[in-house]
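Below is one structure, written out as structure tokens, with a few remarks after it.
Chain A is the first sequence line, chain B the second, and so forth, proteins listed ahead of strands; every chain is numbered from 1.
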Amino acid sequence: MNDAPMRGPDLEAVRSRLIHWYDRHRRDLPWRRTRDPYAVLVSEVMLQQTRVETVLPYYVRFLQRFPSASHLAAASEDEVLRLWQGLGYYRRARQLHQAARVLVERYGGQVPPDPEAVRALPGVGDYTAGAVLSIAFDLPVPAVDGNAQRVLARVFGVDEPADQAAGRRRLHDLARRLVDGPRPGALNQAVMELGATVCRPRRPGCGDCPLAELCVAARTGDPEAWPVRRRSGRWVEEDVAIAWCRVDGRVAVVRRPQEGLLAGLWALPYTRRRDGEGWLEARDRLAAALEAAVGRPLRWRRATLQGRWDFSHRRWHWRLFLADDAGERPEGPAGGPAGGRGRLQGGCGASRPAGRPATGDPSTADEPAPPRVPTGSDGAAVAEGLAPWGSAGEGGEPSPSPAPARPLRACAAATAEWAAETITWVRLADLERLAMASLDRRVLAAVAGRGEGGPRGAGAGAAERRD
DNA sequence: TTCCAGTTGG
DNA sequence: CCAACTGGAA
């Protein structure tokens, strides 16, 4: 059905080397001393999610007490569970018990050499079915466990993520072709054994590997780069500076763009840290926009809080920066003395003080990392909320104080994420009525927790969730 | 603390 | 697609 051209090593060479290696290096395990399909089934079920050393004594005891499917089927579930005690995943035990009863009722107490029938047994998925059929009956059915995935991905240089459908399909297809030769059972076990003992997740022993010369991953010199995981490619990691800016008892919020991430929701002013930019420079761009909106310099304090936020396709590492009107006395516990950092700043980029301390590598020459806030994530759905009082560009009441000192448009370049015109000053009490993403709610709660006058009583217990 | 593992069921 | 199950290792 699938005959895509094969890349990578020659299948026959891989097969013969694997089997040769397996015959000489396989571990002597009790379930390898039998080809009784029932015993193989028991061992494979026990080995799901469980390491060999743990399984060993359980397997021996279990087969002593239940040497056949009939014995197992006749036992009480309590007794089966007792023997399983300590192995974990007790559902496996119940399902194996059920499977034994199916074998007795439908197949005369024997495991039938029939892929459909085996696969249909309770607790038997694709992997276990393949293992039983190939090991016990020498049928050319693939058995792709995590070890096999790793071996195949490395040997053949599979670049599709192994934890995504396309990658799994590709690996399964490879396994299917590979097993289609002599001694399928030995071949499958060889692949898995190699993965377990040589082609380890970390520090693979390529020097001891029979496939090293053929192996795409080994030849790159960085075999650990396989299997490719969606993990490493899925997230777009972004650093985001967020401002908690209070002036005259109001807090600055902005409106996110109507398109894209969290479209149209209100947010604390934020900006993504750009390539080659340090946190402070990102903060300065925020400062430029906000100070233009206020019309006078603000006093900025060091980042006081940071956290992580996961979206479906990106991960934000955020840091919160506090600002207030320079004319007011400092308040709140965070950040310590504002001196030094709190220099005056002009409005827009053009008037920024050039004297930003040279920060060298912008990603490291930063201030010390602020305390962390528990991570969380946010899908997108947020209830419709109230427009803030005095929201810019919405008719209604005039924009509350302070008035912009210069055209906000001049600062449009400061942050690409939202238009400076959307900066809106909201009373603390009104903040919680805005439609905001959970991210901002969480930041707000964190601010409140730090005594910075955020919305009172905001809980901080959003559970971690991925979308 | 985070990652990982097969199968099932939502 | 993803949570739940459960325990071990990095």
Side-chain angles (χ1 to χ4, degrees), chain A residues 31 40-59 81 84-100 102 115-116 118-135 141-154 160-169 171-172 175 188-189 191-193 195-197 199-205 223-235 237 306-308 310-313 315 317 369 371-377 379-380 463-467:
Chain A
W31 46 88
V40 174
L41 174 63
V42 170
S43 71
E44 289 300 337
V45 170
M46 286 187 170
L47 287 163
Q48 292 168 5
Q49 280 84 28
T50 312
R51 68 197 53 259
V52 167
E53 313 81 69
T54 309
V55 165
L56 282 172
Y58 286 89
Y59 172 84
L81 252 16
W84 205 271
Q85 185 86 43
L87 257 191
Y89 295 94
Y90 298 96
R91 187 166 64 158
R92 292 181 300 174
R94 288 193 207 93
Q95 291 176 138
L96 183 58
H97 191 209
Q98 289 306 310
V102 171
E116 305 288 302
V118 172
R119 177 62 178 79
L121 294 171
V124 176
D126 285 337
Y127 163 73
T128 305
V132 170
L133 290 160
S134 63
I135 295 170
V141 182
V144 186
D145 69 349
N147 288 319
Q149 278 190 21
R150 183 171 57 256
V151 170
L152 295 172
R154 285 176 178 167
E160 293 96 333
D163 53 357
Q164 273 183 143
R168 276 196 309 271
R169 253 202 320 281
L171 291 167
H172 191 268
N188 273 344
Q189 293 186 86
V191 174
M192 297 188 278
E193 185 78 347
T197 61
C199 193
R200 299 174 295 261
R202 263 152 294 236
R203 301 173 33 76
E224 291 185 41
W226 281 269
V228 175
R229 298 272 171 213
R230 174 178 45 169
R231 277 269 169 277
S232 53
R234 171 159 71 133
W235 301 102
E237 307 251 357
Q306 72 175 19
R308 195 183 81 193
D310 293 342
F311 300 90
S312 54
H313 51 304
R315 167 172 289 177
H317 304 272
R372 297 189 174 279
V373 162
T375 58
S377 66
E464 172 119 8
R465 180 168 52 87
R466 289 199 166 79
D467 295 304

Atom-to-atom span, CG of Asn147(A) to C1' of dG6(B) - whole angstrom: 13 Å
Whole angstrom value for the distance that separates C1' of dT6(C) from CH2 of Trp84(A): 13 Å
Nearest-Å distance for atom pair CG/C1', residues Asp163(A) and dT2(B): 15 Å
Atom pair distance, as rounded to whole Å: CZ in Arg92(A) and P in dG6(B): 11 Å
Arg150(A) CZ to dA5(B) C1', straight-line distance once rounded to whole Å: 11 Å
So which protein nitrogen or oxygen atoms get under 3.5 Å of nucleotides 8-10 of chain B's nitrogens or oxygens?
unit_1, atom_1, unit_2, atom_2, d
dT8(B), OP1, Gly123(A), N, 2.7
dT8(B), OP1, Val124(A), N, 3.4
dT8(B), O4', Arg91(A), NH2, 3.3

Euclidean distance, atom CG of residue Asp145(A) to atom P of dC4(B) [Å, nearest integer]: 15 Å
Pairing residues for Gln98(A) by the side chain to side chain contact (heavy atoms under 4.5 Å, CB included) criterion, not counting sequence neighbours: Arg101(A), Pro122(A)
Separation of atom CD in Glu44(A) from atom P in dA5(B), rounded to whole Å: 16 Å
Partners passing side chain to side chain donor-acceptor pair (under 3.5 Å) against Ser134(A) (at least two apart in sequence or in another chain): Asn188(A)
Test ring pair (Phe, Tyr, Trp, His ring centres under 6.0 Å) applied to Tyr58(A) - qualifying residues, sequence neighbours left out: none
Gap between atoms CG and P, on Leu47(A) and dT6(C) respectively (whole Å): 18 Å
Touch class at under 4.0 angstrom, heavy-atom based, for Thr128(A) against every strand present: sugar-phosphate
Counterpart residues, salt bridge (charged side-chain N to carboxylate O under 4.0 Å, His left out), relative to Arg200(A) (two or more places apart): none
Arg150(A): partners by side chain to side chain donor-acceptor pair (under 3.5 Å), with sequence neighbours left out: Asn147(A)
Leu56(A) and Trp31(A), any side-chain heavy atoms less than 4.5 Å apart: yes
Are there any protein N/O atoms within less than 3.5 Å of an N/O atom in nucleotides 7-10 of chain C, and if so, which ones and at what distance?
unit_1, atom_1, unit_2, atom_2, d
dG8(C), O3', Arg51(A), NE, 3.3

More than 12 heavy atoms from other groups under 6.0 Å of CD on Glu116(A): no
Partner residues of Thr50(A) under the side chain to side chain donor-acceptor pair (under 3.5 Å) criterion, sequence neighbours left out: Arg92(A)
List the atom pairs, with distances to 0.1 Å, where a side-chain N or O of residues 126-133 of chain A and a protein N or O form a donor-acceptor pair under 3.5 Å, not counting sequence neighbours.
unit_1, atom_1, unit_2, atom_2, d
Asp126(A), OD1, Arg119(A), NE, 2.8
Tyr127(A), OH, Glu44(A), OE1, 2.7
Thr128(A), OG1, Gln48(A), NE2, 2.8

